[in-house]
Amino acid sequence: MELKDYTKKIIESALNKAGISFSDYIIEEPKNPEFGDLSSNIAMTLAKTLKKAPRTIAEELIKSFEFDNNIIEEVSIAGQGFINFKFSKKIYPLLLSSVIEEKENYGKNNSGEGKRVNVEYVSVNPTGLLHLGHGRNACIGDTIANLYKWNGWDVTREYYFNNAGNQMKNLALSIYARYRQQLGETDFPFPEDGYHGEYIKTIAAEIIEKYGSQYQNGTDDDLNFIRKFGENWCFDKIKATLKRLNIKQDVFFNEDSLYHDGKIDKLIADLKRLDLVYEKDGALWLALSKMGLKDDRVIVKSSGEPTYRLPDIAYHRDKFERGFDLLIDIFGADHIATIPDVLAAIKYLGFDSSKVRVLIHQFVTLTENGEQVKMSKRTGKSYTLDDLLDEVGEDVVRFFLIMRGISTHLEFDLGLAREQSEKNPVFYLQYAHARICSVLDLAKERGINLDRKPNLSILENNYEIDLIKKILKFKETVTTACDKCEPQILADYLRELANAFHIFYHECRILGVEEELQTARLNLALATKITLKNGLSILGINAPERM
RNA sequence: GCGCCAGUAGCUCAGUUGGAUAGAGCAUCAGCCUUCUAAGCUGAGGGUCACAGGUUCGAAUCCUGUCUGGCGUACCA
């Protein structure tokens with residue numbers, strides 16, 4: 001935000017004049033607006049090193065502040081030594097015209113220009129359907145990818161999957177058992193740790209429908225066919241669900257390719273060369289204890305099969321070698337165990353592991369009227385992401401799954417989500433947008449020309465100024481939400497923005513007032529609409545023109 | 001046992017990396033539509049920030065310990 005930069009320069013130049021080099025302070029909006037528009041704790045943080053009372057430091061600093069009186073109205077000292085800045089009300093409307101000029105680009109910045117980030121999310125193996133937790137992962141990942149895009153980064157959205165190994169065998173055997181059962185052998189044994197979902201029965205039924213009983217002998221070829229059929233079936237469903245959420249990933253990275261391309265062999269060779277692995281009990285162990293971790297782990301089992309750690313390390317190395325400046329992994333809480341191992345290995349292979357940012361989100365529970373919901377009422381089976389989408393719609397799902405901080409458990413209130421009313425926070429935002437569109441339409445009908453250069457400085461009552469301030473905070477919000485990788489920050493901001501608009505709308509008549517004011521207020525509404533729409537698009541949510 | 005995450009209003013959650021009187025939504029109660037969408041707005045009540053110590057000008061925030069819940073802690077992924 002430009003005003004914050006301006007304030008920072010004032011402080012910095014005062015520090016320079018005093019010959020002090022110091023940056024351990026913040027400039028922030030005080031919670032209580034009576035304290036001004038921006039506030040700094042510089043005098044208090046300096047107190048420690050200068051060994052002077054905060055208030056005297058503040059007084060001395062203020063004496064050498066140089067600023068434009070048209071921008072800053074008042075600088076004052078308060079409390080234990082806060083320096084408060086109060087801006088002229090006139091400055092805000094002037095900043096509004098750039099919002100309207102930038103339109104769909106308002107809020108973007110180029111701080112990430114020339115940098116490449118890889119965001120890996122969803123990454124569900126094709127052995128089943130997406131559930132709520134996957135949905136949270138998907139929505140967080142997609143929103144974070146959008147945020148990086150808005151901050152000027154070159155973004156690659158990636159999905160990592162494994163279509164080999166035990167779990168796929170298990171999928172094949174599970175389908176095969178259902179297949180035999182549906183062909184008449186009702187007591188055909190189901191594998192003990194098989195996939196119990198109803199979808200397995202659906203897949204079996206489809207195989208019967210298309211191919212009859214030709215795979216019932218269960219030869220290797222038969223099982224291979226069934227495995228591939230099941231994999232494709234699951235992947236198609238997963239992709240279809242993601243498409244409903246408007247999520248489209250750029251790269252689907254198959255773990256298997258790491259083997260075909262020799263990257264696994266190369267990794268083992270390199271680890272051997274670095275003396276970071278050893279053999280014991282017929283297995284190959286990764287010497288994590290040499291890398292500062294507690295326990296060594298097996299990376300190749302005595303059977304010759306690798307454990308998941310090995311390809312995970314090779315995969316991260318591959319991402320580094322593809323030249324990304326930042327790697328973001330989004331995992332559910334159950335995947336936490338492998339992370340320190342992968343990062344340690346990556347570091348000892350000579351890569352900068354601080355470029356890997358791992359985001360762990362906690363689980364989602366579905367509730368209704370305070371009770372936990374496990375089954376879908378419609379299907380009577382466990383709730384899939386698709387069931388939820390059918391029930392409450394894409395916008396609500398996307399919003400609800402990002403509206404809490406990543407690291408907290410998320411309670412998805414089905415009753416609230418289903419509610420098409422003011423209680424539902426999504427509709428609150430969308431309603432503000434639709435309301436603006438309706439006013440703008442009406443203005444158009446009445447032949448009001450918005451393009452004529454508006455005199456925005458006529459906007460000066462508190463409702464107008466508060467709304468303008470909120471609109472201007474959007475840029476900073478996009479940056480903060482991205483830096484912290486917290487989509488929730490943006491969701492909260494949009495609610496505040498919509499609230500500021502609703503208040504303005506309630507208090508200030510837009511159409512039918514004196515012409516100059518009408519034009520100015522219409523432009524304010526337009527700027528709000530632009531900001532709301534841009535923010536919603538980052539969250540992947542529609543901004544309806546009518547509700 | 002050990003590791004990670006969490007514990008803030010009746011419920012669901014924020015709290016800008018240590019700042020000023022701890023906030024919001026929902027729920028409850030009381031108001032506001034002859035005028036641009038009432039899916040809106042206004043007001044009220046509601047708190048031992050899990051507990052106990054410590055660090056300092058100043059702690060919901062940092063440190064130590066305790067308690068509670070979730071997730072991990074495989075030659076599963």
Side-chain angles (χ1 to χ4, degrees), chain A residues 26 28-32 34-35 39 41 44-45 47-48 53-54 78-82 84 123 125 127 162 165-167 170 193 255 280-285 294-295 297-309 311-312 332-340 360-363 365 367 370 403-413 416 419-432 434-443 446 476-477 480 483-484 486 488-489 492 495-496 498-499 501-513 518 521-522 525 546-547:
Chain A
I26 53 169
E28 63 178 357
E29 256 180 70
K31 281 176 217 156
N32 187 339
E34 281 173 30
F35 294 127
S39 174
N41 64 348
M44 270 124 65
T45 52
K48 283 168 201 161
Q80 301 97 313
F82 291 98
N84 295 332
S123 296
N125 290 332
T127 58
N162 171 358
N166 281 330
Q167 33 167 0
N170 194 359
D193 51 354
E255 182 189 307
K280 193 180 89 179
D281 306 331
L284 190 66
W285 292 70
K294 211 172 146 204
D295 298 316
R297 302 283 181 196
V298 169
I299 51 172
V300 181
K301 296 186 252 181
S302 52
S303 64
E305 289 169 298
T307 68
Y308 62 88
R309 263 170 254 267
D312 273 2
D334 54 337
H335 273 245
I336 201 165
T338 173
I339 294 158
I360 305 285
H361 63 85
Q362 298 296 315
F363 284 12
T365 46
T367 61
M403 74 181 192
R404 302 297 179 219
I406 287 175
S407 66
T408 52
H409 290 263
L410 188 152
E411 190 162 313
F412 194 112
D413 185 334
L416 181 61
E419 186 103 30
Q420 308 246 333
S421 76
E422 81 278 3
K423 290 172 203 160
N424 190 322
V426 185
F427 292 111
Y428 185 81
L429 305 185
Q430 294 185 323
Y431 182 62
R435 237 181 174 184
I436 296 169
C437 290
S438 155
V439 176
L440 293 176
D441 281 351
L442 202 56
R446 294 183 187 177
E476 192 189 351
T477 306
T480 312
D483 289 347
K484 296 193 169 191
E486 271 292 5
Q488 189 233 3
I489 291 174
D492 273 0
R495 203 203 56 76
E496 284 174 21
N499 182 237
F501 176 76
H502 285 310
I503 294 172
F504 159 74
Y505 181 89
H506 189 260
E507 300 291 339
C508 307
R509 180 115 200 130
I510 299 172
L511 298 176
V513 295
Q518 173 177 272
R521 284 182 175 169
L522 277 167
R546 226 164 285 282
M547 281 174 80

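The analysis underlying the following values was restricted to heavy atoms, covering all of them including side chains, and did not include hydrogens, waters or symmetry mates. Keep in mind that what you see is a predicted model, and the values were worked out from it rather than measured. Lettering follows sequence order; numbering is per chain, from 1.
Comparing B:U37, B:A14, B:A20 against the side chain of A:Gln488 picks out B:A14 as the nearest. Checking B:C75, B:U12, B:C41 against every side-chain atom of A:Ile503, the shortest atom distance belongs to B:C41. Taking every side-chain heavy atom of A:Phe35 into account, B:A20 is the closest of B:A20, B:A74, B:C71. Side-chain proximity of A:Arg495 to B:A24, B:G19, B:A77: nearest is B:A24. Across B:C36, B:A14, B:C5, the shortest atom-to-atom separation from the side chain of A:Val439 is found for B:C36. With distances taken from any side-chain atom of A:Glu507 to the nucleotides B:C36, B:G70, B:C41, the minimum falls on B:C41. For A:Thr408, whose side chain is taken as the heavy atoms from C-beta onward, the closest listed nucleotide among B:A14, B:C5, B:U12 is B:A14. Which of B:U16, B:C75, B:A6 sits closest to the side chain of A:Ala283 comes down to B:C75. When each of B:U12, B:G19, B:C41 is scored by its nearest atom to the side-chain atoms of A:Phe82, the top-ranked nucleotide is B:G19. The side chain of A:Ile336 sits closest to B:C4 out of B:C4, B:C75, B:U42.
Judged by Watson-Crick or G-U wobble contacts below 3.5 Å, the nucleotide B:A30 has B:U42 as its partner. When Watson-Crick and G-U wobble pairs are counted only if both distances are under 3.5 Å, B:U73 pairs with B:G1. Taking a pair to require two hydrogen-bonding distances under 3.5 Å in either a Watson-Crick or a G-U wobble arrangement, B:U16 remains unpaired. With both pairing distances under 3.5 Å, B:A6 is matched to B:U68 as a Watson-Crick or G-U wobble pair. Base pairing analysis places B:C62 opposite B:G54; the two distances defining the Watson-Crick or G-U wobble pair are each below 3.5 Å.
With its glycosidic angle within 90° of 0, B:U17 adopts the syn conformation. Glycosidic torsion of B:C26 falls outside 90° of 0, placing the base in anti.
Phosphate proximity of B:C41 to A:Tyr428: present, with a side-chain N or O under 4.0 Å from OP1 or OP2. Taking 4.0 angstrom as the limit, A:Lys301 places none of its side-chain polar atoms (N or O) nearer than this to OP1 or OP2 of B:A74. Regarding contacts with the backbone of B:C75, every side-chain N or O of A:Ser303 stays at 4.0 angstrom or more from both OP1 and OP2. For A:Asn41 and B:A20, the shortest distance from a side-chain N or O to OP1 or OP2 is not below 4.0 Å. Between A:Ser438 and B:U37, a side-chain N or O to OP1/OP2 separation shorter than 4.0 Å is present.
As a whole-Å value, the separation of A:Asn499 CG from B:A14 C1' is 15 Å. In this entry the distance linking CG of A:Asn424 with C1' of B:G25 reads 11 Å, nearest Å. In this structure, A:Asn166 places its CG atom 11 Å from C1' of B:C75, rounding to the nearest Å. For the pair A:Glu255 CD and B:A77 P, the interatomic distance rounds to 8 Å; values are reported in whole Å. Whole-Å rounding puts the A:Phe504 CZ to B:C36 P distance at 15 Å. If you take CD of A:Glu29 and C1' of B:U17, they are 17 Å apart, rounded to a whole angstrom. With rounding to whole Å, A:Phe501 atom CZ is found 14 Å from B:A39 atom C1'. One atom, CE of A:Met44, and another, P of B:U17, lie 13 Å apart when rounded to the nearest Å.
Among the atoms of the strands shown, only primed sugar atoms or phosphate atoms (P, OP1, OP2) are found under 4.0 Å from some heavy atom of A:Asp492. Backbone-only contact: A:Gly405 has heavy atoms under 4.0 Å from sugar-phosphate atoms and none from a base. Note on A:Ile489: nothing from the nucleic acid sits closer than 4.0 angstrom, heavy atoms only. Counting any heavy atom pair closer than 4.0 Å across all strands shown, A:Asn125 reaches sugar-phosphate atoms only and no base atom. A:Ala434 comes within 4.0 angstrom of a base, heavy atoms only. A:Asn162 comes within contact range of the sugar-phosphate backbone alone, with a heavy-atom separation under 4.0 Å but no base atom that close. Using a 4.0 Å heavy-atom distance criterion, A:Ala443 is classed as making no nucleic acid contact. Counting any heavy atom pair closer than 4.0 Å across all strands shown, A:Cys508 reaches a base atom. Residue-level contact check: A:Leu442 touches the backbone only, with heavy atoms under 4.0 Å from sugar-phosphate atoms and none from bases. Within the 4.0 angstrom heavy-atom criterion, base atoms lie near A:Arg546. Using a 4.0 Å heavy-atom distance criterion, A:Ile360 is classed as making no nucleic acid contact. Nucleic acid contact for A:Asp193: none, since no nucleic acid atom lies under 4.0 Å from a heavy atom of the residue.
Annotation: side chain of A:Val513 is in contact with side chain of A:Arg521 (closest heavy-atom distance under 4.5 Å).
On a pure distance criterion of 3.5 Å, a polar donor-acceptor pair joins the side chain of A:Asn84 and the base of B:A20. Judged by distance alone with a 3.5 Å cut-off, a donor-acceptor contact links the side chain of A:Tyr308 to the base of B:A77. Interface remark: the A:Ser39 side chain does form a donor-acceptor pair with the B:A20 base, using a distance-only criterion of under 3.5 Å. Evaluation of atom-type donor-acceptor distances gives no pair under 3.5 Å for the side chain of A:Thr307 against the base of B:C75.
Annotation for A:Asn162 and A:Asn125: closest pair N-OD1, 2.8 Å, computed over non-hydrogen atoms. Summarising the geometry of A:Thr480 relative to A:Ile489, their closest heavy-atom pair is CG2-CD1, 4.3 Å, with the distance given to 0.1 Å.
At least one donor-acceptor pair closer than 3.5 Å links the side chain of A:Asn424 to the backbone N or O of A:Val426.
Taking the P atoms as reference points, B:C5 lies 39 Å from B:A44, given to the whole Å. Taking atom C1' in both B:A60 and B:A52, one finds a spacing of 16 Å when rounded to whole Å.
Atom-to-atom distance recorded for A:Ser407:OG and A:His361:NE2 is 12.0 Å, nearest 0.5 angstrom. Atom CZ of A:Arg495 and atom CG of A:Leu429 lie 8.5 Å apart (nearest 0.5 Å).
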Trace of the side chain to side chain contact (heavy atoms under 4.5 Å, CB included) decision for A:Tyr308 with A:Glu255: CA-CA 10 Å; A:Tyr308 62 88; A:Glu255 182 189 307; over 6 Å; no
